[in-house]
Amino acid sequence: MKEKVIAICPGSFDPVTYGHLDIITRAANMFYKVIVVVASNSTKNCSFTPDERVEMIKKCIPEIENVSVVHYGGLLADYAAETGATAIIKGLRAMSDFEYEFQMALTNKKLNPNVETLFLTTATENMYLSSSMVKQIASMGGDISSFVPEVIRQDIINRIQK
Ligand code: PNS
């Protein structure tokens with residue numbers, strides 16, 4: 001790998017989970033700089049505003065010095081071009097993620113040929129973890145402690161159970 005590669009970790013992060021944090025941490029160990037991008041997914045109705053999602057991620061990773069967290073409302077391919085990022089890092093869980101992720105990777109490559117999408121296999125314990133599952137469990141008063149860090153747990157419960 002070339003030195004000083006800037007990588008982007010994009011997602012809705014509504015909210016961030018241990019699954020996302022594992023991918024972000026592993027990307028931070030591989031790349032010079034990692035930018036976590038809270039991006040818009042037009043197919044999702046989010047429970048948290050983009051700024052809230054940025055703040056929740058920051059609360060969870062205060063100690064990783066080569067990681068920054070931003071919100072970007074436009075195309076990811078444009079953000080990569082603006083920042084000089086040449087890698088997009090995504091976590092891949094089960095095969096069910098594959099077609100959707102493959103489609104996004106090819107689209108981003110078409111829009112910005114300088115950017116490569118790389119997939120990290122999710123840790124086995126996060127295989128079936130998703131933000132929507134966390135919200136569903138929280139909405140029914142279930143225990144979400146194995147899915148999200150303690151620092152954001154109450155924020156999620158307050159929002160989802162209101
Ligand atoms: O966590 P998600 O919802 O699976 O992440 C999807 C996300 C937000 C990364 C994707 O929808 C995205 O890149 N949105 C930004 C707008 C964009 O670039 N759309 C074209 C991507 S193919």
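Atoms within each ligand, like the ligands themselves, are counted from 1 in listed order.
- A donor-acceptor contact closer than 3.5 angstrom links the side chains of Tyr72 and Glu82.
- When hydrogens are left out, the protein atom nearest atom 19 (N) of ligand 1 is Leu75 CD2, 3.8 Å; that is the closest non-hydrogen contact.
- Here CZ of Phe48 is found 5.5 Å from CZ of Arg159. Values are rounded to the nearest 0.5 Å.
- Contact atoms of ligand 1 toward Thr107: 22 (S) (distance under 4.0 Å to a heavy atom of the residue).
- For atom 5 (O) of ligand 1, the closest non-hydrogen atom on the protein side is Gly11 CA, 3.6 Å.
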Q: Test Cys60 against Val151 for side chain to side chain contact (heavy atoms under 4.5 Å, CB included), laying out the working first.
A: CA-CA 7 Å; Cys60 295; Val151 277; 4.1 Å; yes
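- Ring geometry, Phe119 versus Phe98: the interplanar angle falls from 30° to 60°, so the pair is classed tilted.
- In this structure, Ser131 contributes its side chain and Pro15 its backbone to a donor-acceptor pair below 3.5 Å.
- Distances shorter than 4.0 angstrom do not occur between any heavy atom of Ser131 and any atom of ligand 1.
- Heavy-atom proximity to atom 4 (O) of ligand 1, evaluated over Tyr100, Tyr72, Tyr79, is greatest for Tyr100.
- Atoms OH and CD1, from Tyr32 and Ile6 in turn, are 7.5 Å apart once rounded to the nearest 0.5 Å.
- Within ligand 1, the atoms closer than 4.0 Å to a non-hydrogen atom of Asn41 are 2 (P), 3 (O), 6 (C), 11 (O), numbered from 1 in the order shown.
- Backbone and side-chain nitrogen or oxygen atoms of Glu101 are examined, and none is located within less than 3.5 angstrom of a nitrogen or oxygen of ligand 1.
- Inclusion of Lys44 in the set of residues having an N or O under 3.5 Å from an N or O of ligand 1 is warranted.
- Distance from atom 8 (C) of ligand 1 to its nearest protein heavy atom, with residue and atom name: Ala39 CB, 3.7 Å.
- Counting protein heavy atoms only, atom 10 (C) of ligand 1 is closest to Met104 SD, 3.7 Å.
- Taking a 6.0 Å sphere around CD of Glu3, one finds it holds 12 or fewer heavy atoms contributed by other residues, nucleotides or ligands.
- Interface of Gly74 with ligand 1, defined as ligand atoms under 4.0 Å from a residue heavy atom, comprises 15 (C), 16 (C).
- Tracing side-chain contacts under 4.5 Å through hydrophobic residues (I, L, V, M, F, W, Y), one never reaches Ile88 starting from Val16; they form parts of separate clusters.
- The shortest contact between atom 21 (C) of ligand 1 and any protein heavy atom is with Asn108 OD1, 3.9 Å.
- Looking only at protein heavy atoms, the nearest one to atom 3 (O) of ligand 1 is Ser12 OG, 2.5 Å.
- Remark: ligand 1 and Leu76 share an N or O pair separated by less than 3.5 Å (distance only, no angle test).
- With salt bridges taken as basic N to acidic carboxylate O contacts below 4.0 Å, one links Asp155 and Lys59.
- Residue, atom and distance of the protein heavy atom nearest to atom 15 (C) of ligand 1 are Ser40 O, 3.3 Å.
- Between His20 atom NE2 and Asn126 atom CG the span is 10.0 Å, to the nearest 0.5 Å.
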